[in-house]
> 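Have a look at this one before I ask anything.
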Number of protein chains: 4
Amino acid sequence: MPQGDSRTDSDTCPGGRVCRRHAAGEDPAKRDQILQGAMKEFLEKGFDGASMNEICRAAGVSKGTLYVYFEDKLDLFVALVAREREAIFAGFDALLKGDLPLEDKLTRFGQRLASTICTDHVIQWQRTIAGIVDRMPELGARFYEAAAQRTHDDLNALLRRERAAGRLDVPDPERASAQFIELTVAGIWRARLFGKRRTDPEPDEIEASVASAVQVFMAAYGRTSG
Amino acid sequence: MPQGDSRTDSDTCPGGRVCRRHAAGEDPAKRDQILQGAMKEFLEKGFDGASMNEICRAAGVSKGTLYVYFEDKLDLFVALVAREREAIFAGFDALLKGDLPLEDKLTRFGQRLASTICTDHVIQWQRTIAGIVDRMPELGARFYEAAAQRTHDDLNALLRRERAAGRLDVPDPERASAQFIELTVAGIWRARLFGKRRTDPEPDEIEASVASAVQVFMAAYGRTSG
Amino acid sequence: MPQGDSRTDSDTCPGGRVCRRHAAGEDPAKRDQILQGAMKEFLEKGFDGASMNEICRAAGVSKGTLYVYFEDKLDLFVALVAREREAIFAGFDALLKGDLPLEDKLTRFGQRLASTICTDHVIQWQRTIAGIVDRMPELGARFYEAAAQRTHDDLNALLRRERAAGRLDVPDPERASAQFIELTVAGIWRARLFGKRRTDPEPDEIEASVASAVQVFMAAYGRTSG
Amino acid sequence: MPQGDSRTDSDTCPGGRVCRRHAAGEDPAKRDQILQGAMKEFLEKGFDGASMNEICRAAGVSKGTLYVYFEDKLDLFVALVAREREAIFAGFDALLKGDLPLEDKLTRFGQRLASTICTDHVIQWQRTIAGIVDRMPELGARFYEAAAQRTHDDLNALLRRERAAGRLDVPDPERASAQFIELTVAGIWRARLFGKRRTDPEPDEIEASVASAVQVFMAAYGRTSG
DNA sequence: AATGAATGAGTGTTCATTCAT
DNA sequence: CATGAATGAACACTCATTCAT
C-alpha cells in the first residue's frame with residue numbers, strides 16, 4: 001500500500017510545531033508572498049517538477065528565508081494546498097440557505113459550483129492534487145473533503161429537508177446529492193481535467209448544463225412526477 | 001499557454017521512425033517487459049517523480065537496453081500511455097449493440113464502464129495523466145478521447161437511434177450521454193480519484209449506482225414520462 | 001560546414017549576462033581556483049576528454065559550486081581560453097618599441113616570441129585549441145588573433161616604418177612579418193606541437209635559431225644587400 | 001609526464017598480433033570501408049568526441065564487425081593515422097630529384113608541399129593529431145616524422161649536395177631546410193590550423209608565397225649573394 | 001531575520017565494448 | 001564471419017537543503 005509522508009496527515013507542522021515556529025514573530029505577509037510564488041510553480045510543474053530555486057525566484061525571496069517559513073518542499077506544498085483548499089470552496093455554505101423555491105436554489109448552487117470547479121485555476125489544482133494522491137493520499141482526501149463537505153453534505157441536508165416537507169421523492173438523498181453535482185458539470189469537467197478542453201466554459205454553457213441538470217434531477221425526484 | 005512537447009502529439013516516434021527503429025528486430029517481449037516496469041514506476045511516482053534507474057531495476061533491464069527501445073523518458077511514457085489507453089478501453093464498442101431493451105443495454109454498459117474506471121489501476125492512470133496534463137495537453141486529450149470515443153460517442157449514437165424510434169424523448173443526446181456516464185459513477189469516481197476512497201468499489205455498489213443512474217435517466221428522458 | 005556553438009562567438013555569457021550573473025557577489029578567487037583546476041584537466045585531456053567531475057576534484061570545489069560560476073562545460077572552457085589567451089600574449093606590444101637598431105629589435109622580439117610559443121604550457125594550449133577548432137572555429141580564430149595582433153601586426157608596422165626610413169627594401173611587409181615569425185621557430189615549433197620534441201628548447205637553441213632568422217631576414221630585405 | 005598508451009608506440013597490434021589476426025582471412029576492402037567511415041568521424045569530432053556507433057553507421061558496418069577488424073577505438077585510430085600519414089605524404093621523394101636548376105626544384109617542391117599541408121583535409125588531420133598528442137605522444141611524433149622524413153630530410157640532402165657543388169653557401173643545411181619549409185607557408189598555415197582562415201588557399205597565393213620563399217632563401221644562402 | 005554560495009547525491013542520457021544468435 | 005541487443009560505468013548537469021556571513 002502506498003504510504004504518504006506522515007506530514008501530509010496534518011496541515012500543521014510535525015509535532016504541532018506550527019505554534020512554536022510560526023509564533024516566533026515571522027511576517028505573515030512574507031509567508032503569503034512565498035505561497036504565492038510557490039503556487040505558480042507547483043501548478044505549472046506539479047510537486048516533483050517544481051523547483052525550490054524557481055519558487056524562490058518567483059516569490060522574490062532567498063532560499064534561506066523560504067526555509068525559515070517552511071520546513072521543506074513538502075511542508076510548503078501542504079501549507080499551500082491547505083490555504084487554497086479553503087479559499088476555493090469558501091462561501092458555498094450560504095448558497096443553499098434562504099427562502100427560494102427548490103429549483104432556484106439548485107440552479108444558483110449548481111451554477112456557482114460548476115463555474116468554480118471548471119475554472120482554469122481550480123482545474124490546475126485538481127490536476128496537481130490528483131497527480132500526487134498516490135504518494136500523499138491524505139492530502140488528496142482532505143482536498144476532496146473540503147469540496148464535499150461544503151457541497152455534497154449541504155446539498156444532502158437540503159434534500160432531506162425537502163423530502164421531509166414532502167416536496168421531493170428521493171429514496172437516497174446521499175446518492176441524489178452526488179448525482180446532482182455530477183449532472184451540473186456533465187461533459188465539461190472531465191474534458192477540462194484531462195485537457196481536452198483548454199479554456200474556461202462560457203457562462204451560457206454553464207447555465208445550459210445546470211438547467212438541464214435541474215430538469216433531470218426534478219424529473220427523477222420531483223414529487224409531481226411521481 | 002501550456003505547450004506540450006511535440007512528441008506528445010503523436011504516439012509514434014518523430015518522423016514515423018517507429019518503423020525503422022522498432023522494426024530492426026528488437027524483441028517485442030523485452031519491450032513489453034520494459035513497459036511493465038515503467039508502468040509500476042510511473043503510476044506510483046508520476047512522470048517527474050519516476051526515475052529511469054528505478055524503471056530499469058523494476059523491468060530487469062540495463063540502462064543501455066532501455067535506451068535502445070525508447071528514445072528518452074518522454075518517449076517511454078508516451079508509448080506506455082498509448083498502450084494502456086487502448087488496453088483499458090478495449091471492448092466497449094460491443095456493449096451497446098445487440099437486441100436488448102434499452103434499459104438493459106444501459107445497465108450492462110454502465111456497469112462495465114463504472115467498474116472499469118473506478119478500478120485501482122485505471123484510477124492510478126487517471127491521476128498520473130491528470131498530473132501531467134498541464135505540460136502535455138495533447139497526451140491528456142488523447143487519453144480522454146480514447147475513453148470518450150468508445151463510451152460517450154457510442155452511447156450518443158444509441159440515444160439518437162432510440163429517439164428516432166420514438167422510444168426516447170431526449171432533446172440533446174450529446175448532453176444526455178454525458179449525463180448518463182456521470183450518473184453511473186456519481187459519488188464514487190471523484191472520491192476515488194482524490195484518494196478519499198482507497199479501495200475498489202464492491203460489485204454491489206456499482207450495481208446499485210448504475211441501477212439508480214438508469215432510473216434517473218429513464219425518468220428524465222423515457223417516453224412514458226414525457 | 002563546421003558550425004561552432006554560438007557561445008564561442010563571444011567571451012561573455014549569452015546576452016551579456018556576465019555582469020548580472022557574475023557581479024552578484026561571487027568570489028573571484030574561487031572563480032580562479034576553478035579555472036586553475038579546469039586548465040589542468042583541459043590541457044591534459046582536451047575539451048571532450050576532460051571530465052567535469054575531475055575538474056571539480058582538481059579545483060577542490062563541488063559540482064554545484066562550479067555550476068554557479070559557469071553555465072556549462074563550454075562556458076567554462078571559453079572563459080578559460082579567454083583568460084589564458086590574454087595572459088600568454090601580454091606584453092608583446094612593448095618589444096618593438098624604443099631606439100635600438102633594427103636587428104637588435106628583431107632579435108629581442110624574436111627571442112621572446114620563440115621562447116614563449118615553444119614553452120610546454122603554450123604548446124599544450126595550442127594543441128588543445130587546435131583539437132577543437134573544427135567544432136569551435138571562432139574560438140580558434142580568436143586565439144590566433146590574440147597572438148597575431150600582438151606580434152605579426154606590430155612587426156608589420158615596424159617594417160613599414162623601416163622601409164619608409166629607407167633602411168629596408170621590403171616589397172610586402174605583411175608577408176615579411178609572417179616570414180620572420182616563422183623563421184624564428186623554424187624546425188622547433190612544429191616538432192614541439194606534434195610531440196616530436198617533448199621538452200622546452202634550451203635558451204641557446206632559441207638564440208641560435210633567432211640569430212639565423214635575423215640573418216636570413218636581413219639578407220633578404222636589408223638595404224645594403226639590395 | 002604524460003604517457004601515451006603503449007599501443008601508440010607501434011602501428012601494429014600489440015605483440016605483433018597483426019599477422020595472426022589479420023592474416024585470418026579478413027576482407028581488406030571491408031577494412032578500408034571501416035577506416036573511411038572512421039576518418040569522417042575522427043576528423044570532425046576528434047578522438048574523444050568520435051563515437052564508435054557513429055563510425056559504424058558511417059562505415060555501414062555493424063559493431064561486431066568493426067571489433068573483428070580493430071581491437072578497440074585506439075587501435076582503429078592508430079591504424080587510420082598510419083594509413084593517412086602515408087597517403088598524404090606519398091610522392092614527395094621524387095620532387096627534389098632530376099636535373100632542374102635549384103630554384104626550379106625548390107619552387108616545384110615548395111608549391112607541392114605548401115598546397116598539400118594547407119588543404120582542408122590535411123589541416124583537419126593536423127588538428128586532430130595535435131589535439132591528442134598530449135596523451136599519445138608517439139602517434140604525433142610519427143605523424144610529424146612522416147612529413148619530416150619526406151620533406152625536411154630530402155631537402156636537407158639536396159642542400160648538402162648543392163653546397164658541395166659550390167652553388168650554395170649554407171652553413172647549417174639542417175636549419176636551412178626547416179627555414180625554407182616554414183617560409184613556403186608563412187602567414188598561411190598557422191592561420192589555417194587555428195581556423196582563422198577556413199578555406200583552402202588559392203593556387204595564386206601558394207605560388208606567390210613560394211616564390212617569395214625561394215627569393216628569401218636564395219638571398220640568404222645563394223652563392224652569388226655571398 | 002535574511003542571504004545566496006556551497007554541497008554532493010541525484011537526474012536522464014551516452015559510451016565503448018561484449019556476446020548470444 | 002557478421003550482427004546488433006545488452007551491459008553498466010561514466011557523462012554533464014540539477015536538486016533540495018544547509019550554513020557561514
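Since this is a predicted model, take the numbers as computed values, not measurements.
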> Determine yes or no for a side-chain-to-main-chain donor-acceptor pair under 3.5 angstrom, with D:Tyr67 supplying the side chain and D:Ser62 the backbone.
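No: the side chain of D:Tyr67 does not pair with the backbone of D:Ser62.
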> Of the non-hydrogen atoms in D:Phe47 and D:Lys73, which two are nearest, and what is the gap between them?
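For D:Phe47 and D:Lys73, the tightest heavy-atom pair comes out as O-NZ, 2.9 Å.
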> Within this structure, what is the CG-to-P distance between B:Asp75 and E:dG12, rounded to whole angstrom?
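It works out to 15 Å between those atoms.
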> Check whether any side-chain N or O of C:Ser62 sits under 4.0 Å from OP1 or OP2 of E:dT7, and answer yes or no.
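Answer is yes, contact under 4.0 Å.
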> Any donor and acceptor pair, going by atom type alone, linking the side chain of B:Lys40 with main-chain N or O of B:Ala59 inside 3.5 Å?
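No, B:Lys40 side chain to B:Ala59 backbone: no donor-acceptor pair under 3.5 Å.
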> Once you round it to whole Å, what is the distance between P of E:dA1 and CZ of A:Arg31?
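From A:Arg31 CZ to E:dA1 P: 15 Å.
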> Please map the stems of DNA chain E, keeping only stretches of three or more Watson-Crick or G-U wobble pairs with both distances under 3.5 angstrom.
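DNA chain E forms these stems: E:2-21 with F:2-21.
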> Without decimals, in angstroms, what is the distance between C:Phe70 CZ and F:dT14 P?
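Between P of F:dT14 and CZ of C:Phe70: 15 Å.
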> Rounded off to whole Å, could you give me the CD-to-C1' distance for the C:Glu54 and F:dA9 pair?
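Result: 15 Å.
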> Tell me the salt bridge (charged side-chain N to carboxylate O under 4.0 Å, His left out) pairs involving residues 55-69 of chain B, sequence neighbours left out?
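Sorted pair list: B:Glu54-B:Arg57.
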> What is the distance, rounded to the nearest whole Å, between atom NZ of C:Lys30 and atom C1' of E:dG4?
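Those two atoms, NZ and C1', are 13 Å apart.
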> Could you report the tightest heavy-atom contact between C:Val61 and C:Leu66, atom names first, then the distance?
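The pair with the smallest heavy-atom distance is CG1-N, 4.2 Å.
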> Nearest-Å distance, CZ (A:Arg57) to C1' (F:dC15)?
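That distance rounds to 14 Å.
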> Determine, for nucleotides 14-21 of chain E in 5'-to-3' order, which nucleotides have protein heavy atoms under 4.0 Å from the base (write B), from only the sugar-phosphate (write S), or from neither (write -).
B-SBBB--
> Could you check D:Arg83 against D:Gln36 for side-chain hydrogen bond (donor to acceptor under 3.5 Å, both in side chains), going step by step and ending with a plain yes or no?
CA-CA 10 Å; D:Arg83 190 185 77 159; D:Gln36 208 58 32; 2.9 Å; yes
> Over how many whole Å does the gap from B:Leu66 atom CG to E:dT13 atom P extend?
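The distance from CG of B:Leu66 to P of E:dT13 comes to 9 Å, rounded to the nearest Å.
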> Looking only at heavy atoms, what is the nearest atom pair of D:Asp134 and C:Leu43, with distance?
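Heavy atoms of D:Asp134 and C:Leu43 come nearest at OD2-O, 2.8 Å.
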> Whether D:Asp48 and C:Lys45 form a salt bridge (side-chain N of Lys/Arg under 4.0 Å from carboxylate O of Asp/Glu) is what I want to check.
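No, C:Lys45 and D:Asp48 are not salt-bridged.
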> Answer yes or no: is there a donor N or O on one side and an acceptor on the other, between the side chain of C:Glu84 and the main chain of C:Trp125, under 3.5 Å?
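Absent.
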> Taking 4.0 Å as the cut-off, does a side-chain nitrogen or oxygen of B:Thr65 come that near to OP1 or OP2 on F:dA5?
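No, because none of the side-chain N or O atoms of B:Thr65 sits under 4.0 Å from OP1 or OP2 of F:dA5.
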> Atom NZ of B:Lys45 and atom C1' of E:dG10: how far apart are they, to the nearest Å?
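Between C1' of E:dG10 and NZ of B:Lys45: 13 Å.
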